[in-house]
Amino acid sequence: MKASFGSVKIFGRKYEEDIIIHADRSITKRKKKKSRDLKPIYGHTPLSEKELDFLSLEKPKVVYVGTGYEAALPITEKAQKILDEFETLVMPTPEIMEKIENEKRKAVAIIHVTC
């Protein structure tokens, strides 16, 4: 797994958009449209509680949040409360990718690829 500004490479495939690595290791596009209405408040589309409903279904042991190359992804207060229900690691995306690669527990990762 590797990260550079604007992309991540996971399992040999390059992604140039925000993604979610699910507990079953499948990868989907992050549905940040759900949070877009909060952009004027944060100056950037934040990770909000509106995007985290899948966590209660997947029940990961750990949640990773890659906040971007320069750690600019804001997290809303309500989203943080949901994340607090899990062991959560929030770090810049390049650093979080290294952690995910070695994770053996049931994990979910929310990855922001730019800023």
Side-chain angles (χ1 to χ4, degrees):
M1 293 187 191
K2 186 178 169 183
S4 58
F5 186 86
S7 70
V8 290
K9 191 171 186 180
I10 302 169
F11 310 132
R13 184 170 172 205
K14 186 176 181 178
Y15 296 87
E16 295 179 330
E17 59 194 8
D18 291 4
I19 59 166
I20 297 173
I21 304 172
H22 296 274
D24 66 1
R25 302 297 240 176
S26 65
I27 298 172
T28 60
K29 182 178 176 181
R30 177 182 158 219
K31 295 179 176 152
K32 61 185 180 180
K33 267 188 182 177
K34 293 179 177 183
S35 302
R36 194 160 286 149
D37 62 321
L38 300 170
K39 186 176 181 176
I41 298 167
Y42 290 88
H44 191 291
T45 302
L47 176 63
S48 79
E49 67 282 358
K50 299 171 188 178
E51 298 179 56
L52 300 178
D53 55 340
F54 74 97
L55 292 176
S56 63
L57 300 171
E58 295 190 26
K59 297 181 174 86
K61 296 290 182 192
V62 62
V63 177
Y64 291 96
V65 180
T67 56
Y69 197 75
E70 297 177 6
L73 176 69
I75 300 173
T76 67
E77 195 173 309
K78 288 181 182 178
Q80 189 59 58
K81 285 183 182 181
I82 293 168
L83 293 171
D84 288 344
E85 297 173 15
F86 303 90
E87 180 181 338
T88 303
L89 227 56
V90 178
M91 302 172 82
T93 297
E95 294 172 36
I96 212 85
M97 297 306 288
E98 293 175 21
K99 302 282 186 190
I100 296 167
E101 192 166 34
N102 298 315
E103 183 58 65
K104 303 293 182 217
R105 297 171 290 175
K106 187 176 181 182
V108 164
I110 302 162
I111 307 295
H112 180 59
V113 298
T114 58
C115 44

Side-chain heavy atoms nearer than 4.5 Å, only ILVMFWY residues, links allowed to pass through others: does that put [X] and [Y] together?
| X | Y | result |
| --- | --- | --- |
| Ile21 | Leu89 | yes |
| Ile27 | Leu55 | no |
| Val62 | Leu83 | no |
| Tyr64 | Val90 | no |

Heavy-atom side-chain contact between [X] and [Y] under 4.5 Å:
| X | Y | answer |
| --- | --- | --- |
| Tyr15 | Val113 | no |
| Ile100 | Ile111 | yes |
| Ile10 | Met97 | yes |
| Leu52 | Leu47 | yes |

side-chain hydrogen bond (donor to acceptor under 3.5 Å, both in side chains) with Thr76: which residues, sequence neighbours excluded?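 Listed in chain order: Glu49.
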
If the condition is side-chain hydrogen bond (donor to acceptor under 3.5 Å, both in side chains), which residues does Tyr69 pass it with, not counting sequence neighbours?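 If we apply the side-chain hydrogen bond (donor to acceptor under 3.5 Å, both in side chains) test to Tyr69, skipping adjacent residues, there are no hits.
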
Thr114 side, atom OG1; Leu73 side, atom CG - distance, nearest 0.5 Å: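 Between Thr114 OG1 and Leu73 CG, I get 8.5 Å after rounding to 0.5 Å.
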
NZ/Lys34 to OG1/Thr45 distance, rounded to the nearest 0.5 angstrom?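 So the NZ of Lys34 and the OG1 of Thr45 are separated by 14.5 Å.
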
Who else is in the cluster with Leu57 when I, L, V, M, F, W and Y are joined by side-chain contacts under 4.5 Å?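 Result for Leu57 is none, singleton.
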
Using a side-chain heavy atom cutoff under 4.5 Å and only I, L, V, M, F, W and Y, what cluster partners does Tyr42 have?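 Leu38, Ile41, which link up through side-chain heavy atoms under 4.5 Å apart, make up the rest of the cluster.
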
Salt bridge (Lys or Arg N to Asp or Glu O under 4.0 Å): which pairs involve residues 106-115, sequence neighbours left out? none

Salt bridge (Lys or Arg N to Asp or Glu O under 4.0 Å): pairs with one or both residues in residues 66-95, sequence neighbours excluded: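 Pairs touching residues 66-95 that pass the test: Glu87-Arg105.
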
Just jot down the side-chain contact (heavy atoms from CB on, under 4.5 Å) partners of Glu98, sequence neighbours excluded, or say none. none

Once side-chain contact (heavy atoms from CB on, under 4.5 Å) is applied, do any residues pair with Ala71, and if so which ones, sequence neighbours excluded?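 Listed in chain order: Thr67, Pro92.
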
Among pairs that include at least one residue of residues 75-115, which meet ring pair (Phe, Tyr, Trp, His ring centres under 6.0 Å), considering only residues two or more places apart or in two chains? His44-His112

For Glu16, which residues count as a salt bridge (charged side-chain N to carboxylate O under 4.0 Å, His left out) partner, sequence neighbours excluded? Lys14

Which atoms form the tightest heavy-atom contact between [X] and [Y], and what is the distance?
| X | Y | result |
| --- | --- | --- |
| Pro40 | Arg36 | CD-O, 4.1 Å |
| Val108 | Ala23 | CG2-N, 3.8 Å |
| Ala3 | Val8 | CB-CG1, 3.8 Å |

Side chain to side chain donor-acceptor pair (under 3.5 Å): which pairs involve residues 50-60, sequence neighbours left out?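 Pairs touching residues 50-60 that pass the test: His22-Glu58, Arg30-Glu51, Ser35-Glu51, Asp37-Lys50.
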
